[in-house]
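Worth knowing before you read on, the calculation uses all heavy atoms, side chains too, and leaves out hydrogens, waters and symmetry mates.
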Amino acid sequence: MNTIAVARLYKIASYVLLFFASFFSLMLLFILPFAFAEPALLLGVFIIAGVVLYSFSSFRFMKKGLGEGHVFRNRYKDFIKVNAFVVLFFVLQSFVGITDILLKKELLNQLIDTILSQNSESFSQLTPAQLKELKKELLASIQIVVWVFLIYAVILTAHVIYTFRLLKKNNHLFA
């Protein structure tokens with residue numbers, strides 16, 4: 001693939017990452033108060049914050065540095081790299097979770113059964129046929145989300161790898 005095509009794909013991927021980062025930022029605003037109440041959630045908050053920070057900082061590097069020739073401090077390069085490693089950890093966790101979901105359909109069915117049984121009062125007026133249809137729709141929706149998330153993880157991985165190359169190649173943009 002030629003350099004221009006790769007640069008275009010990188011730019012498109014950067015915008016895709018911004019879209020997801022915006023969603024994750026909003027999610028962080030809602031989760032943060034719960035994380036302070038339950039410290040076990042803080043690791044997840046830290047990882048998601050790293051993904052958001054990477055997405056925005058790499059986008060800024062692409063727009064200002066590569067696009068306009070803006071020179072950044074060396075700390076900014078380190079900031080991008082550190083958050084990129086957090087992203088790689090996030091992607092690794094995501095691939096493990098996605099693989100489990102895609103390979104073990106019975107776990108997904110058990111999860112849906114648990115959700116439906118815990119909310120049995122809400123679904124008590126449904127007939128067995130309607131309940132079966134609802135279960136199929138939930139399964140299809142979850143699978144769509146999983147596939148979208150898999151595509152996002154692949155884009156994120158490729159973006160990080162290419163960002164490392166760009167950081168190394170454009171070392172002159174950091175003083």
Side-chain angles (χ1 to χ4, degrees), residues 1 6 8-60 62 80 82-164:
M1 211 182 263
V6 171
R8 283 186 183 150
L9 284 174
Y10 182 77
K11 191 173 187 176
I12 291 168
S14 295
Y15 281 103
V16 169
L17 296 185
L18 274 184
F19 171 76
F20 280 94
S22 300
F23 172 73
F24 286 146
S25 297
L26 290 174
M27 189 175 75
L28 278 176
L29 289 175
F30 291 111
I31 293 176
L32 200 56
F34 297 108
F36 286 126
E38 184 60 47
L41 294 175
L42 285 175
L43 179 63
V45 167
F46 169 76
I47 292 170
I48 293 171
V51 172
V52 170
L53 291 172
Y54 168 79
S55 299
F56 284 113
S57 61
S58 65
F59 182 80
R60 183 170 180 247
M62 179 198 66
I80 293 172
V82 166
N83 286 305
F85 285 115
V86 172
V87 165
L88 291 175
F89 180 73
F90 171 77
V91 166
L92 181 66
Q93 280 186 319
S94 299
F95 281 137
V96 169
I98 289 169
T99 305
D100 271 352
I101 290 172
L102 291 176
L103 294 179
K104 299 176 182 174
K105 300 272 189 212
E106 66 276 354
L107 288 177
L108 198 52
N109 285 325
Q110 287 175 349
L111 174 68
I112 291 172
D113 287 338
T114 303
I115 291 170
L116 292 176
S117 67
Q118 288 177 349
N119 298 300
S120 59
E121 294 173 8
S122 303
F123 303 112
S124 61
Q125 70 275 14
L126 296 177
T127 65
Q130 290 173 324
L131 200 57
K132 186 176 180 180
E133 185 63 32
L134 176 64
K135 193 174 175 180
K136 282 173 46 178
E137 288 175 12
L138 282 173
L139 184 62
S141 299
I142 291 172
Q143 287 178 334
I144 289 170
V145 169
V146 167
W147 281 104
V148 167
F149 204 77
L150 177 64
I151 292 167
Y152 170 68
V154 168
I155 291 170
L156 197 53
T157 304
H159 194 276
V160 167
I161 292 168
Y162 197 67
T163 297
F164 280 138

J.: Between CD1 of Ile101 and CG of Leu107, what distance do you get to the nearest 0.5 Å?
T.: 9.0 Å
J.: Got a second to check how far Leu134's CG is from Thr127's OG1, nearest 0.5 Å?
T.: 10.5 Å
J.: Kindly compute the distance separating CD1 (Ile48) from CZ (Phe20), expressed to the nearest 0.5 Å.
T.: 13.5 Å
J.: Judged by modelled atom types alone, do Ser94 and Tyr152 share a side-chain donor-acceptor pair under 3.5 Å?
T.: no
J.: Working to the nearest 0.5 angstrom, can you tell me the gap between Met62 CE and Leu17 CG?
T.: 10.0 Å
J.: Return the minimal non-hydrogen interatomic distance between Ala84 and Val160, and the atom names on each side.
T.: CB-CG1, 3.9 Å
J.: Can Asp113 and Lys135 be said to form a side chain to side chain contact (heavy atoms under 4.5 Å, CB included), step by step?
T.: CA-CA 8 Å; Asp113 287 338; Lys135 193 174 175 180; 2.7 Å; yes
J.: Is the shortest side-chain heavy-atom distance between Phe95 and Leu150 below 4.5 Å?
T.: yes
J.: OG/Ser58 to OH/Tyr162 distance, rounded to the nearest 0.5 angstrom?
T.: 13.0 Å
J.: The criterion is salt bridge (Lys or Arg N to Asp or Glu O under 4.0 Å); which residues satisfy it with Lys132, sequence neighbours excluded?
T.: none
J.: Under a 4.5 Å cut-off applied to non-hydrogen side-chain atoms, are Leu156 and Phe90 in contact?
T.: yes
J.: Search all heavy atoms of Ala13 against all heavy atoms of Ile155 and return the closest pair with its distance.
T.: CB-CG2, 3.8 Å
J.: Kindly determine whether Leu108 and Gln143 satisfy side chain to side chain contact (heavy atoms under 4.5 Å, CB included), including the steps that lead there.
T.: CA-CA 9 Å; Leu108 198 52; Gln143 287 178 334; 4.2 Å; yes
J.: Between Leu18 and Ser55, what is the shortest heavy-atom contact and its length?
T.: CD2-O, 4.2 Å
J.: What's the separation between atom CZ in Phe164 and atom NE2 in His159, rounded to the nearest 0.5 Å?
T.: 12.0 Å
J.: With sequence neighbours left out, write down each residue that passes salt bridge (Lys or Arg N to Asp or Glu O under 4.0 Å) with Lys136, or none if nothing qualifies.
T.: none
J.: Between Val45 and Ala35, what is the shortest heavy-atom contact and its length?
T.: CG2-CB, 3.7 Å
J.: Is it the case that more than 12 heavy atoms not belonging to Lys105 sit under 6.0 Å from its NZ atom?
T.: yes
J.: Among Thr163, Val86, Val82, exactly one meets side-chain contact (heavy atoms from CB on, under 4.5 Å) together with Tyr54. Which residue is that?
T.: Thr163
